[in-house]
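Heads up: the structure comes next, in structure tokens.
Order of listing sets the numbers, starting from 1, for every ligand and every atom in it. Along the sequence shown, residues carry numbers from 1.
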Amino acid sequence: MLLPPLRLKGKTLHLPIIQGGMGVGVSLFPLAKAVAREGGMGVISSACIDRLVSKRKGIKLNTYNAIHEEVSMAKADGGYVGINTMVALVKDYEDSVRGAINAGADAIISGAGLPLGLPSIQPPKETALIPIVSSARALELICKKWERFGYRPDAVVLEGPLAGGHLGFKIDQIDLESNKLENLLPPVKDMAIKHGDFPVIVAGGIYSHQDIVIFLKMGADGVQMGTRFLATEESGASCEYKDAVLRATQDNIMVAFNPGSPCGLPFRVIKDSPMFVSSCSQLRKPKCDKGYVLLKDSDGTYSRCFSKEDNEKYFCICNGLLSSAGYNTLDEEPLYTVGANGYRVNKILSVKDLMDELKGKLEIPTRSGTHPDLLRIPVTTSLSTKTRSKAIELDP
Ligand SMILES: Cc1cc2nc3c(=O)[nH]c(=O)nc-3n(C[C@H](O)[C@H](O)[C@H](O)COP(=O)(O)O)c2cc1C
Ligand code: SF4
């Protein structure tokens, strides 16, 4: 099937494919630029971007300027480029948003917590504001809050439990039938229609052209994909990381929680990633020298992170992910995240070949067929996710 374009805040993406933002350092300008050139939206992750871009350029840049640099580089050949900012990275959140808007990013896609205040940070000009949710209830809360700022989402990303990175579900709700992406979609679509009929972009476990077609036929307006773009030549993952994805089996991709992410959300990992293995035996002594996850203490100083004090329940996600992108590899072990379908990756492709495959132009054989969960659609529309976290606000 010929994939239809996606309309976003008055702009037209040739393909309804958004490359998911992937921190740390996996989706920087080389990946985003390549995706934008092929007619999708490339998305730069703002996580730890100041360190990564400063290292590449050999001059010290803050978050705001590093985002400016990456957006300009990614848009150099035309096409659409967005920024992914995680609510959980409280300290740098507002600078990331301002940097993205002032650099002319086409979208800010924001999750890992509810981006309730996003439109109030700065008027977004031409930048589309796109929250990431895992339930219709979360979308409703965001729409109601944003109404007070006179803004409605320009689109929403609905991310289901098969995604890579942090998951917006309680650990015991990840496998619920009602939380399968195909079951979350109908109520989220209804909610988007109720609040102005903006596009719904689905994410989590989408792997092939056929998967895209299935979700478009179910009513989605586009897809966001991470794992397939992680396994490309242009992604910023280290060679060791890409090799670990190629070696991964279905059994050694798991959701980590206790030990888990200090952001308080379940986090999908390759089980034998060195930092995860060490953290299961508490081999790494707590040490905080990056500070991206820090929360404010009672004095208003950014000083609190669970993994700073407790190496039994939390790993040091800043250092683990920076190491996966080739940063400080001599000092810190890498932590590899991937989507549940990562075991199907059998080749590192160029973005061009991947986009041709996703468009339906090329059929690339994979290690196995469609994820079993995607074979069972359409199903019900009911949904109830009550999720709360110690660290940040989650989908209610
Ligand atoms: C390596 C990796 C890093 C990710 N980092 C982030 C991130 O920093 N912020 C975010 O909102 N989502 C992140 N995600 C989620 C993706 O943007 C995307 O929504 C998700 O991976 C889609 O599921 P899929 O991997 O099955 O395609 C990450 C995913 C992967 C695989
Ligand atoms: S302890 Fe680690 S994860 Fe927490 S803020 Fe410091 S460097 Fe980041």
Side-chain angles (χ1 to χ4, degrees), residues 17-27 31 43-49 51 82-91 96 108-113 115 130-132 134 157-168 181 201-208 211-212 223-231 235-237 241-242 244-245 253 261-263 265 267-270 275 284-295 302-311 314-322 324-325 328 332 335-342 344-345 371 373-374 391:
I17 299 174
I18 296 182
Q19 161 253 308
M22 289 178 284
V24 167
V26 174
S27 65
L31 177 58
V43 178
I44 293 159
S45 159
S46 73
C48 313
I49 196 166
R51 269 198 167 75
I83 287 280
N84 177 286
T85 54
M86 293 197 281
V87 180
L89 305 187
V90 183
K91 205 157 63 89
S96 303
I108 294 174
I109 303 181
S110 184
I130 307 181
I132 304 175
S134 298
V157 171
L158 166 64
E159 193 181 72
L162 299 180
H166 288 101
L167 305 177
L181 186 58
I201 294 147
V202 287
I206 294 156
Y207 195 88
S208 63
D211 295 341
I212 299 173
V223 298
Q224 173 173 287
M225 302 172 70
T227 299
R228 294 303 308 271
F229 289 101
L230 162 67
S235 96
Y241 190 172
K242 291 178 191 175
V245 174
I253 297 174
S261 165
C263 297
L265 302 168
F267 186 74
R268 185 165 269 114
V269 294
I270 298 181
M275 180 176 271
R284 184 188 181 278
K285 297 266 176 299
K287 181 182 77 172
C288 181
D289 58 353
K290 301 296 186 295
Y292 293 100
V293 180
L294 291 175
L295 300 171
Y302 286 102
S303 69
R304 288 167 41 227
C305 170
F306 294 116
S307 82
K308 207 171 154 180
E309 287 119 38
D310 181 347
N311 67 347
Y314 306 100
F315 40 68
C316 177
I317 198 162
C318 302
N319 277 304
L321 295 184
L322 276 164
S324 313
N328 260 11
E332 297 285 354
L335 177 68
Y336 304 137
T337 181
V338 72
N341 266 332
R344 291 170 62 186
V345 173
H371 192 283
D373 286 350
L374 288 179

Heavy atom of the protein closest to atom 9 (N) of ligand 1 (residue, atom name, distance): Asn84 OD1, 3.0 Å
Go through the structure and list residues passing ring-ring contact (aromatic ring centres under 6.0 Å, His included) with Tyr292, not counting sequence neighbours. none
Taking only residues two or more places apart in sequence or in another chain, which ones pass side-chain hydrogen bond (donor to acceptor under 3.5 Å, both in side chains) with Tyr241? none
Closer than 2.8 Å to atom 4 (Fe) of ligand 2, how many protein N/O/S atoms do you count? 1
Main chain of Pro161, side chain of Arg268: is a donor-acceptor contact present, judged purely on distance under 3.5 Å? yes
Would you say Gly111 contacts ligand 1, with heavy atoms under 4.0 Å as the rule? no
Below a 4.0 angstrom heavy-atom separation, can you tell me which part of Tyr241, side chain or backbone, both or neither, approaches ligand 1? side chain
Looking only at distances, can you tell me whether any N or O atom of Gly21, backbone or side chain, sits closer than 3.5 Å to an N or O atom of ligand 1? yes
Backbone or side-chain N or O of Val338 under 3.5 Å from ligand 1 N or O: no
Structural part of Met86 in contact with ligand 1, heavy atom criterion under 4.0 angstrom: side chain
Restricting to heavy atoms, the pick from Gly339, Gly205, Ala237 nearest atom 26 (O) of ligand 1 would be Gly205
Does Gly226, backbone or side chain, put an N or O under 3.5 Å from an N or O of ligand 1? yes
Checking heavy atoms under 4.0 Å, the part of Thr337 that sits near ligand 1 is both
Is there a donor-acceptor pair closer than 3.5 Å between any side-chain N or O of Ser46 and the backbone N or O of Asn84? yes
Could you tell me, atom by atom, which parts of ligand 1 come under 4.0 Å of a heavy atom of Thr227? 24 (P), 25 (O), 26 (O), 27 (O)
Do the rings of Phe267 and His166 sit parallel, tilted or perpendicular, given the 30° and 60° boundaries? tilted
Is the backbone of Ser235 close enough, under 3.5 Å, to the side chain of Lys242 for a donor and an acceptor to pair up by distance? yes
Can you list the ligand 1 atoms lying under 4.0 Å from a non-hydrogen atom of Leu162? 26 (O)
Once you restrict to heavy atoms under 4.0 Å, what part of Ile132 touches ligand 1? Side chain, backbone, both or neither. side chain
Mark yes or no for whether Lys308, through its side chain, and Ser303, through its backbone, hold a donor-acceptor pair below 3.5 Å. yes
So, do Asp211 and Met225 sit near enough that their side-chain heavy atoms are less than 4.5 Å apart? no
Quick one: does any side-chain atom of Ser27 pair with a main-chain N or O of Gly21 as donor and acceptor, under 3.5 Å? no
Element-labelled atoms of ligand 1 that are located less than 4.0 Å from some non-hydrogen atom of Met225: 27 (O)
Taking only heavy atoms of Gly20, which atoms of ligand 1 are found under 4.0 Å from at least one of them? 17 (O)
Which is it for Ala47 and ligand 1 at heavy atoms under 4.0 Å: side chain, backbone, both or neither? neither
Any donor and acceptor pair, going by atom type alone, linking the side chain of Ser324 with main-chain N or O of Leu335 inside 3.5 Å? yes
Is the side chain of Tyr207 donor-acceptor paired with the backbone N or O of Thr227 at a distance under 3.5 Å, no angle test? no
Which one holds for Glu159 and ligand 1: side chain close, backbone close, both close, or neither close, with close meaning a heavy atom under 4.0 Å? side chain
Partners meeting ring-ring contact (aromatic ring centres under 6.0 Å, His included) with Phe229 (sequence neighbours left out): none
